[in-house]
2 protein chains.
Amino acid sequence: MCDMGKIHAPPLAEQLCFDLYAASRAVTAAYRPALTELGITYPQYLVLIVLWEHESLTVRELGEQLRLDHGTLTPLLKRMESSGLVERRRDNADERFVVVSLAGKGESLRQHAERIQCDMKDQLGLDPQEFEDLQTTLRLLTSRVSP
Amino acid sequence: MCDMGKIHAPPLAEQLCFDLYAASRAVTAAYRPALTELGITYPQYLVLIVLWEHESLTVRELGEQLRLDHGTLTPLLKRMESSGLVERRRDNADERFVVVSLAGKGESLRQHAERIQCDMKDQLGLDPQEFEDLQTTLRLLTSRVSP
DNA sequence: AACCAGTACATTGTGCGCAATTGGTTTGTG
DNA sequence: CACAAACCAATTGCGCACAATGTACTGGTT
């Protein structure tokens, strides 16, 4: 499969994994100024995007969408709750579940998201075909390496 | 530029930023088992890759290569120093600089990197053209959003 | 009814990532 | 030479990510 003829450590420039890692952090950093202005972080923004779409979800469902685990989400959601972005309550029917829904502040930020998304899309400057190809490839990668 | 006709929060599925974020974490997670076996983390692996290529660098130069700042690198390098992966010493000529170089254990892991890289490349399963296109697009994105 | 396996979330601990501040070192300018 | 500006790293503080463990709840079995 992979040529092992020459034994040498591969340089950083050949490492796709590094480009992915660097691009992810760079894009997150590009969102940061706009999100900081709204008083939220990037992972919190992603949570809001899911809630704007689904209104109300359990922590488990949220984690499946975002591919984040409880250990990450629980404190994140608590911070979001204390800043008035979301509400958390136990499901009465099955008290193992915590249901997360939008609170007032989380709802009010909804309109800002559209603008942020447009600005970012413009800043990335990819034409629609490139955009879609990249998205397709990234999803392919993610599915290939996921268990 | 960007169509603002319909006002609605964009769904997660349309967010390139999320695919990038998810792919980056997924690929990092795919490296984790192999790296854990070597007793290192993913960012530590990246530091070693740079050092295998350059032998000796200042913290500043390392940060430029990896696009990480001092606040991240200093404790990371200290952990790597205490596990025998790298050495840190002040530059005698200019004592503002800290020079980082490979220590014994960091050198000895060099040969394992080649195998890990091959395994991962196989696991990602992209053909050479896709691989290169993705790398090109990621670098374009990174440069577009970087200051 | 007591038990037990499975599920969902919480908690703890470690390691990044980054902003902001601090402190020591060098360089440039008068 | 003096001294301000620039520079490099360290420190502090906060917020993720994730592994590992603990706790509370549910449904099915006995």
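Order of the sequence lines fixes the chain letters, A, B, ..., with proteins taken first and strands second; residue numbering starts at 1 for each chain.
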**Request:** Could you check whether B:Thr72 gets within reach of a base, just the sugar-phosphate, or nothing at all, counting any heavy atom under 4.0 Å?
**Result:** base

**Complete:** The nucleotide from C:dC16, D:dC25, C:dA8 with an atom nearest the side chain of B:Leu76 is C:dC16

**Request:** Check every strand shown and say whether A:Thr28 touches a base, only sugar-phosphate, or nothing at a heavy-atom separation below 4.0 Å.
**Result:** nothing

**Request:** Compare side-chain N and O positions of B:Arg60 against OP1 and OP2 of D:dC8 and report whether any pair is under 4.0 Å apart.
**Result:** yes

**Side chain of A:Thr41 - closest among D:dC16, C:dA8, C:dG24** = D:dC16

**Geometric class of the A:Tyr31/A:Tyr45 ring pair [parallel <30°, tilted 30-60°, perpendicular >60°]** = tilted

**Message:** Checking contacts here: which listed nucleotide (D:dA9, C:dA19, C:dA10) is nearest the side-chain heavy atoms of A:Arg32?
**Reply:** C:dA19

**Message:** By the 4.0 Å heavy-atom rule, please label B:Leu68 as base, sugar-phosphate, or nothing.
**Reply:** sugar-phosphate

**Request:** Measure from the side-chain heavy atoms of A:Arg79 and tell me the nearest of D:dA9, D:dC16, C:dG15.
**Result:** D:dC16

**Item:** 5′-ward residue of the pair B:Asp94/B:Gly71 relative to DNA chain C
**Value:** B:Gly71

**Message:** Students often get this wrong, so: under 4.0 angstrom with heavy atoms, is B:Asp69 touching a base, only sugar-phosphate, or nothing?
**Reply:** base

**Item:** Candidate nucleotides D:dT26, C:dC16, D:dC16, ranked by approach to the side chain of A:Arg96 - the nearest
**Value:** D:dT26

**Request:** Considering just the side-chain nitrogens and oxygens of A:Tyr42, establish if one lies under 4.0 Å of OP1 or OP2 belonging to C:dG17.
**Result:** no

**Prompt:** Nearest of C:dT25, C:dG15, D:dA9 to any side-chain atom of B:Val98?
**Reply:** D:dA9

**Message:** Within the 4.5 Å heavy-atom criterion, are A:Thr142 and B:Asp19 side-chain neighbours or not?
**Reply:** no

**Prompt:** Nearest-Å distance, NZ (B:Lys78) to C1' (D:dA10)?
**Reply:** 6 Å

**Asked** Between C:dC9, C:dC18, D:dA17, which nucleotide gets closest to the side-chain atoms of A:Arg25?
**Response** C:dC18

